[in-house]
Amino acid sequence: NGMTYITSGFHVPSPLNPRARVPGRILVMDLNKRDATFIVANLTMKDSSIKLDSPHGMASWTTSDGVSYLYVVNHQSSGESVEIFKVESTYELHHIQSINDKQLGVKGELNDVIPTGIDTFYVTEWIRYFPHIHLLKMMELILMLPVTSVFYWDGKESHVAATNLAGANGIDRSPDGEFVYVTTTLRNMLEIYKPQRNKPSQLDHVQSVPLGTGCDNVWRAPDGSLWMGCIPRGMEFVDFIPSLDSYCSAQLLRLTLSGSDVPFSPFIEEVLMLTGPASKGSAFAVHHKGRVISGAPLSDVILMCEISQV
């Protein structure tokens with residue numbers, strides 16, 4: 001309906017970055033309004049010991065009777081977790097559950113989440129050796145090692161749904177839930193999976209789509225098309241991370257998968273390519289009624305674009 005929720009406050013520690021750390025928040029914007037501004041959502045936490053310290057990927061689920069929930073990947077000092085909020089009203093979020101890394105069986109860093117029900121979801125692990133062993137972390141990134149996974153939480157326990165991914169990043173599902181899409185940032189690919197019948201905890205790989213760029217998150221539009229925020233020049237991002245003062249090119253893609261079953265015929269459209277000092281990269285792209293919104297992964301830059309057709 002145009003109401004857009006965005007996480008703010010994701011933090012990558014760097015001794016070269018003098019900027020004060022921003023507190024973790026969830027921002028809300030109404031894309032139906034031409035002069036829309038962000039409003040900070042009010043969070044009521046179930047447990048005072050749980051902090052929205054460094055929120056990351058996020059997704060929503062709406063029940064058949066219209067009740068909505070938000071699922072947020074959270075990097076706390078105590079470890080990784082997925083926080084579930086009930087949307088009491090547009091700007092009021094009530095925290096109802098926290099699933100931590102020990103419950104999920106995750107050793108690395110989580111990135112994105114997509115629910116399949118009120119208390120079930122897939123979540124990606126995009127760096128296996130972060131933050132425990134820094135040498136292995138650097139080897140994982142430089143050598144693009146396929147050591148990350150997708151996990152499935154069934155409401156009671158965790159399952160490894162897919163493995164051998166190089167930087168499993170964004171995740172989403174087809175409108176009918178028949179397919180799961182995962183972007184692998186280190187390999188510039190979109191991996192397509194099909195959940196096993198009556199066993200969603202197991203994902204069967206069915207197709208790989210080369211993207212030719214470093215895609216971050218993927219968002220599935222109501223029409224089934226996939227929108228992605230990308231960083232096309234990886235070394236720019238490496239130079240950008242320490243101080244956030246340089247620029248980092250941003251790219252927005254729309255991917256259409258033609259056909260009723262695999263192998264799909266992919267058609268990729270470049271919606272936007274932005275370079276120069278004003279560009280700080282792109283972490284996602286969401287489209288609503290001729291408007292596209294995109295946020296930078298580590299900066300306070302938000303792109304709002306008007307497009308004539310897609």
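Source: prediction; values computed, not measured. Start at 1 with the first residue, then count along the sequence.
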Same hydrophobic cluster for [X] and [Y], using side-chain heavy-atom links shorter than 4.5 Å among ILVMFWY?
{"X": "Ile307", "Y": "Phe267", "answer": "no"}
{"X": "Leu27", "Y": "Met304", "answer": "yes"}
{"X": "Trp153", "Y": "Val113", "answer": "yes"}
{"X": "Ile84", "Y": "Ile50", "answer": "no"}
{"X": "Ile127", "Y": "Leu165", "answer": "no"}

Nearest 0.5 Å, please: how far is [atom2] in [Y] from [atom1] in [X]?
{"X": "Asn32", "Y": "Met3", "atom1": "CG", "atom2": "CE", "answer": "8.0 Å"}
{"X": "Glu80", "Y": "Ile99", "atom1": "CD", "atom2": "CD1", "answer": "13.5 Å"}
{"X": "Gln103", "Y": "Phe151", "atom1": "CD", "atom2": "CZ", "answer": "13.5 Å"}
{"X": "Asn74", "Y": "Lys51", "atom1": "CG", "atom2": "NZ", "answer": "11.5 Å"}
{"X": "Ser81", "Y": "Gln76", "atom1": "OG", "atom2": "CD", "answer": "4.5 Å"}
{"X": "Phe121", "Y": "Thr116", "atom1": "CZ", "atom2": "OG1", "answer": "9.0 Å"}

Where do [X] and [Y] come nearest, in terms of heavy atoms and distance?
{"X": "Asp112", "Y": "Met58", "answer": "OD1-N, 3.5 Å"}
{"X": "Thr120", "Y": "Gly155", "answer": "CG2-N, 4.1 Å"}
{"X": "Pro146", "Y": "Arg187", "answer": "CD-NH2, 3.7 Å"}
{"X": "Val262", "Y": "Gln207", "answer": "CG1-OE1, 3.9 Å"}
{"X": "Ile302", "Y": "Gly295", "answer": "CD1-CA, 3.7 Å"}
{"X": "Met189", "Y": "Glu191", "answer": "CB-OE2, 3.6 Å"}

Partner residues of [X] under the side chain to side chain donor-acceptor pair (under 3.5 Å) criterion, sequence neighbours left out:
{"X": "Ser78", "answer": "none"}
{"X": "Asp47", "answer": "Ser49"}
{"X": "Ser282", "answer": "Ser294"}

message: If hydrophobic residues (ILVMFWY) are linked whenever their side-chain heavy atoms come closer than 4.5 Å, directly or via other members, who joins Met273 in its cluster?
response: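 Cluster partners of Met273: none, it stands alone.
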
task: State plainly whether the residues Glu306 and Arg34 are in salt-bridge range, i.e. N to O under 4.0 Å.
output: yes

task: Please assess Leu110 against Thr124 for the test side chain to side chain contact (heavy atoms under 4.5 Å, CB included), listing each intermediate value before the final yes or no.
output: CA-CA 6 Å; Leu110 299 179; Thr124 59; over 6 Å; no

Can you check whether [X] reaches [Y] side chain to side chain, under 4.5 Å on heavy atoms?
{"X": "Thr63", "Y": "Ile118", "answer": "yes"}
{"X": "Tyr181", "Y": "Leu257", "answer": "yes"}
{"X": "Phe85", "Y": "Ile96", "answer": "no"}
{"X": "Pro266", "Y": "Leu255", "answer": "yes"}

Partner residues of [X] under the side-chain contact (heavy atoms from CB on, under 4.5 Å) criterion, sequence neighbours left out:
{"X": "Asp204", "result": "Gln196"}
{"X": "Lys46", "result": "His95"}
{"X": "Ser225", "result": "Ala221, Asp223, Trp227, Arg254, Thr256"}
{"X": "Thr213", "result": "Leu211, Cys215, Cys230, Pro232, Gln251, Leu253"}

Can you find a side-chain donor-acceptor pair between [X] and [Y] that sits under 3.5 Å?
{"X": "Glu83", "Y": "Ser98", "value": "yes"}
{"X": "Ser68", "Y": "Thr62", "value": "yes"}
{"X": "Gln202", "Y": "His159", "value": "no"}

All pairs passing ring-ring contact (aromatic ring centres under 6.0 Å, His included) where residues 44-66 contributes a residue, at least two apart: Phe10-His56, His56-His75

- prompt: Which residue, Asp261, Val180, Leu203, forms the side-chain contact (heavy atoms from CB on, under 4.5 Å) with Lys194?
  reply: Asp261

field: Passing option when Pro55 is tested against Ile26, Ile6, Val72, Val73 for side-chain contact (heavy atoms from CB on, under 4.5 Å)
entry: Val72

task: Give a yes or no on whether Asp65 atom CG has more than 12 heavy-atom contacts from other residues, nucleotides or ligands under 6.0 Å away.
output: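 More than 12 within 6.0 Å, yes.
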
message: Evaluate Val182 against Tyr193 for side chain to side chain contact (heavy atoms under 4.5 Å, CB included), listing each step before the verdict.
response: CA-CA 8 Å; Val182 180; Tyr193 295 88; 4.1 Å; yes

- prompt: With sequence neighbours excluded, what pairs up with Tyr71 under the ring-ring contact (aromatic ring centres under 6.0 Å, His included) test?
  reply: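 Not a single residue meets the ring-ring contact (aromatic ring centres under 6.0 Å, His included) criterion with Tyr71.
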
message: Going by ring-ring contact (aromatic ring centres under 6.0 Å, His included), name the residues that satisfy it together with Tyr152, two or more places apart in sequence or in a different chain.
response: Tyr122

- prompt: After noting the C-alpha distance and the side-chain angles of Leu303 and Leu272, does the key distance pass the side chain to side chain contact (heavy atoms under 4.5 Å, CB included) rule?
  reply: CA-CA 10 Å; Leu303 300 175; Leu272 174 73; 4.1 Å; yes

- request: Take Leu93 and Tyr5 through the side chain to side chain contact (heavy atoms under 4.5 Å, CB included) test and state the conclusion after the steps.
  value: CA-CA 11 Å; Leu93 306 179; Tyr5 293 83; 4.3 Å; yes

For a quick test of your reading: what N or O donor-acceptor pairs under 3.5 Å do the side chains of residues 167-176 make, sequence neighbours left out?
unit_1: Asn169; atom_1: OD1; unit_2: Asn111; atom_2: ND2; d: 3.2
unit_1: Asn169; atom_1: ND2; unit_2: Thr185; atom_2: OG1; d: 2.6
unit_1: Asn169; atom_1: ND2; unit_2: Asp216; atom_2: OD1; d: 3.3
unit_1: Asp172; atom_1: OD2; unit_2: Arg220; atom_2: N; d: 2.9
unit_1: Ser174; atom_1: OG; unit_2: Asp176; atom_2: OD1; d: 2.7
unit_1: Ser174; atom_1: OG; unit_2: Gly177; atom_2: N; d: 3.4
unit_1: Ser174; atom_1: OG; unit_2: Glu178; atom_2: N; d: 3.1
unit_1: Ser174; atom_1: OG; unit_2: Phe179; atom_2: N; d: 3.0
unit_1: Asp176; atom_1: OD1; unit_2: Glu178; atom_2: N; d: 2.9

